[in-house]
Amino acid sequence: MVFESRNRTGSERLTSHRRRSGLVIVLTALLLVFFLGMIAFAVDLGIIANTRTELQMAADAAAYAGAGALVNGSTAAVDEAKAFYGKNRAGGATLTPDTAVVEVGQWDPNARKFTIGEQQPNAVRVTSNLTNQGMFFGSVLGKSTFDMNAQAVATYLPRDIVLVLDYSGSMCYDSQFRNLSLIGQPAVEANLRQIWQELGAKTYGTTMTFEPVLF
């Protein structure tokens, strides 16, 4: 058996080194394109997410403002919602009222459904739209703009306020001990006892008792 030992010449070693260097350059170029695509995707995804958050906040603020103004009528509610909407920013620019649709209607809390209607509205719905928002690196992936929309519904619960004007004097003079000189102590104590009983003494609380204080 004959073994043949062959030593590579200098030119052969140089050729092998150049071949490896060329492969590294090609691989680096491919990885660079891949990493640039990932960076572009991450940056533009952040822009889209931030725009959507800002747009949703604007819709929420507008809906809350509109619901608070419903007490003054539907027109006032729509105007107030658009005014607040126009004070917000999204996508790096101040929003304009014409990019939002404001509607009044009824909100069903059980079905969680909004129905448009002018008959005794109790809610305001704001739908916001942005179109052709630019990307930084999206064109690398074949998409340079995006559209975004957001929606919010706000309701208000009216409260009835009752103002009672007592012109009889029963709560002003007849039950105050400072007026003993006017109607006498027995009359004041009797009126206090009557008030206590009519308020539900010993019905809504068993530990509370009425004990007149004598002077």
Side-chain angles (χ1 to χ4, degrees), residues 44-135 138 143-172 174-175 194-208:
D44 286 333
L45 188 62
I47 293 174
I48 294 173
N50 185 66
T51 301
R52 187 186 188 286
T53 300
E54 292 176 339
L55 197 62
Q56 186 64 56
M57 292 175 60
D60 292 342
Y64 277 122
L70 266 177
V71 66
N72 298 320
S74 299
T75 302
V78 172
D79 293 341
E80 189 74 3
K82 289 188 175 183
F84 267 76
Y85 180 81
K87 296 179 180 179
N88 289 269
R89 293 174 59 86
T94 302
L95 297 172
T96 56
D98 58 356
T99 61
V101 178
V102 181
E103 301 163 311
V104 297
Q106 294 79 33
W107 171 257
D108 186 350
N110 297 322
R112 300 189 64 80
K113 180 181 179 181
F114 177 84
T115 303
I116 301 175
E118 294 285 343
Q119 186 66 28
Q120 296 181 346
N122 68 345
V124 172
R125 181 172 67 182
V126 177
T127 304
S128 178
N129 299 281
L130 284 181
T131 58
N132 297 324
Q133 297 298 300
M135 296 181 179
K143 187 175 179 61
S144 58
T145 61
F146 67 94
D147 299 334
M148 185 62 59
N149 61 78
Q151 189 176 91
V153 178
T155 65
Y156 86 105
L157 298 176
R159 292 291 184 266
D160 293 330
I161 300 176
V162 178
L163 176 62
V164 178
L165 300 178
D166 184 5
Y167 292 101
S168 66
S170 60
M171 299 294 292
C172 183
D174 297 352
S175 59
Q194 180 182 0
I195 293 172
W196 184 261
Q197 292 173 348
E198 291 180 356
L199 288 174
K202 299 185 179 181
T203 300
Y204 300 101
T206 58
T207 60
M208 300 177 64

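Just so it is clear, the values below take in all heavy atoms, side chains as well, and ignore hydrogens, waters and symmetry mates.
Closest approach of Ser74 to Pro121, counting heavy atoms only: OG-CG, 3.7 Å. Of all the heavy atoms in Gly66 and Ala77, the pair that sits closest is O-CB, 3.2 Å. Ala58 approaches Asn88 most closely through the heavy-atom pair CB-CB, 3.6 Å. Residues Asn129 and Tyr85 share a closest heavy-atom pair of N-OH, 4.5 Å. Scanning both residues, Ala69 and Ala76, for their nearest heavy atoms gives CB-O, 4.0 Å. The minimum heavy-atom distance linking Ala67 with Ala154 is given by the pair CB-O, 3.7 Å.
For the pair Asp147 (side chain) and Asn132 (backbone), a donor-acceptor distance under 3.5 Å is present. Judged purely by atom type and a 3.5 angstrom limit, Gln119 has no side-chain atom pairing as donor or acceptor with the backbone of Gln106. Between the Asn122 side chain and the Trp107 main chain, a donor and an acceptor come within less than 3.5 Å of each other. Gln56 contributes a side-chain N or O that, together with a main-chain N or O of Gln151, makes up a donor-acceptor pair within less than 3.5 Å. The closest donor-acceptor contact from the side chain of Glu54 to the backbone of Gly91 lies under 3.5 Å.
The closest side-chain heavy-atom distance from Ile116 to Arg125 is below 4.5 Å. The side-chain heavy atoms of Leu70 and Val124, taken from C-beta on, include a pair separated by under 4.5 Å. The side-chain heavy atoms of Leu55 and Leu95, taken from C-beta on, include a pair separated by under 4.5 Å. Within the 4.5 Å cutoff, side-chain heavy atoms of Thr51 are placed close to those of Phe146.
Atom CD in Glu118 sits 10.5 Å away from atom CD in Glu103 (nearest 0.5 Å). Here OG1 of Thr96 is found 8.0 Å from CG of Leu130. Values are rounded to the nearest 0.5 Å.
Within a 6.0 Å radius of CE in Met148, more than 12 heavy atoms belonging to other residues, nucleotides or ligands are found.
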- Task: Determine, stepwise, if the pair Val104 / Val78 fulfils side chain to side chain contact (heavy atoms under 4.5 Å, CB included).
- Result: CA-CA 8 Å; Val104 297; Val78 172; 4.2 Å; yes

